[in-house]
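For reference, the structure is listed below as structure tokens.
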Number of protein chains: 2
Amino acid sequence: MDKNLLEICQYLANSNNAKTIYKFLESLLTPKELQTLSSRWQIVKLLDQGVPQRKIAKDLHLSLCKITRGSKELKKRNSILKKAVNQFQ
Amino acid sequence: MDKNLLEICQYLANSNNAKTIYKFLESLLTPKELQTLSSRWQIVKLLDQGVPQRKIAKDLHLSLCKITRGSKELKKRNSILKKAVNQFQ
DNA sequence: ATTCTTGTTACTATTAATAGTAACAGTTAC
DNA sequence: GTAACTGTTACTATTAATAGTAACAAGAAT
């Protein structure tokens, strides 16, 4: 595993404050990249709710290719993303 | 603050295991994006150590524009990134 | 059976980040 | 003073993600 990524993850693991983590992400990612993260998260939530891909694409003004990616991730057995999303559904 | 990003941050805040967080990031980011995160982190670490920008660029095979970004972030007063990095120096 | 809806894949065009490079200003060393 | 080093900015070219779109197959509804 990449040493730098591991350190980032360790920092996140040791942080218990969402706002602090938000600022951290803001300083490490561009505004566009944050927006990308946000939309990916939302895609996975909607997919998990059973919303059809085309409806998601239309509602969020996104293309299907982006949604297929989220779909594949959710289908993985024991997907961590699925578990994460379920905490907020 | 964006609701989706907030949820992501909340998830991270509640996770105390670096490996779990790593898997989470892997499922939300592309391999290239993870690599980008890694190199940004490394840039900030080296800048914090006082390594000249051109040496960083040469050693990491990166361009200066990327490094200037990290430099600006570090100069912000109370930069969270600076604090984060210092935990690993 | 056929129509409709769905997930998936494939394709080109576009966009944002950034590589590669040059130029400039400020500092330091000589 | 000037030469060397530094941080910063600006520029074009490249790259990866993705928008927009069409096509295909599978299943459900009629």
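A note on names: the letters A, B, ... follow the listed sequences, proteins ahead of strands, and every chain is numbered from 1.
The closest side-chain heavy-atom distance from Thr30(B) to Arg69(A) is below 4.5 Å. At a threshold of 4.5 Å between non-hydrogen side-chain atoms, the residues Asp48(B) and Gln89(B) count as touching.
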Report task. Let me have DNA chain D in dot-bracket notation, would you? Count Watson-Crick plus G-U wobble pairs, both distances under 3.5 Å, and use [ ] for pairs crossing earlier ones and | for inter-strand partners. Result -> ||||||||||||||||||||||||||||||
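One can place CG of Leu60(B) at 10 Å from P of dA19(C), the figure rounded to the nearest angstrom. Atoms NZ (Lys58(A)) and P (dT6(C)) sit 12 Å apart, rounded to a whole Å. One can place CD of Gln53(A) at 11 Å from C1' of dT9(C), the figure rounded to the nearest angstrom. Rounded to a whole Å, the NE2 atom of His61(A) is 13 Å from the P atom of dT21(D). The interatomic distance linking Ile67(B) (CD1) with dA17(C) (C1') rounds to 14 Å, in whole Å. To the nearest angstrom, C1' of dA17(C) lies 12 Å from CG of Leu62(B). Here dG7(C) presents its C1' atom at 17 Å from CZ of Arg69(A), a figure rounded to the nearest Å.
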Query - Residues Leu29(A), Leu37(B); criterion side-chain contact (heavy atoms from CB on, under 4.5 Å); working and verdict - result: CA-CA 8 Å; Leu29(A) 298 167; Leu37(B) 269 193; 3.6 Å; yes
Query raised in the report: Going through the checks in order, is the side-chain contact (heavy atoms from CB on, under 4.5 Å) test met by Lys19(A) and Met1(B)?
Result: CA-CA 10 Å; Lys19(A) 201 134 195 168; Met1(B) 193 199 295; 4.2 Å; yes
Query - Ile8(B)/Ile21(A) under side-chain contact (heavy atoms from CB on, under 4.5 Å): CA gap, chis, key distance, verdict - result: CA-CA 9 Å; Ile8(B) 292 173; Ile21(A) 289 180; over 6 Å; no
Check nucleotides 23-30 of chain D for protein N or O atoms closer than 3.5 Å to its own N or O atoms and list the pairs.
from	atom 1	to	atom 2	distance (Å)
dA23(D)	N6	Arg54(A)	NH2	3.2

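The two atoms that bring Arg40(B) and Lys66(B) nearest to each other are CG-CE, 4.4 Å, heavy atoms only. Of all non-hydrogen atoms in Thr20(B) and Ile80(A), the two that sit nearest each other are CG2-CD1, 3.2 Å. Of all heavy-atom pairs spanning Asp2(A) and Leu5(A), the tightest one is OD1-N, 2.8 Å.
Out of dG7(D), dT9(D), dG7(C), the shortest distance to the side chain of Thr68(B) is found at dT9(D). Among the nucleotides dG20(D), dT6(D), dT18(C), the one closest to the side chain of Ser63(B) is dT18(C).
The aromatic rings of Tyr11(A) and Trp41(B) are tilted relative to each other, their planes meeting at an angle between 30° and 60°.
Using a 4.0 Å cut-off on heavy atoms, the residues of residues 22-49 of chain A that approach DNA chain D are Thr36(A), Arg40(A), listed by number.
In this structure, Lys72(A) reaches the sugar-phosphate backbone alone: every heavy-atom distance under 4.0 Å involves primed, P, OP1 or OP2 atoms, never a base.
Each of Lys45(B), Gln42(B), Gln87(B) was checked for a side chain to side chain contact (heavy atoms under 4.5 Å, CB included) with Glu7(A), and the lone residue meeting it is Lys45(B). With Leu47(A) as the partner, the side chain to side chain contact (heavy atoms under 4.5 Å, CB included) test is satisfied by one option alone out of Leu81(A), Leu74(A), Val85(A): Leu74(A).
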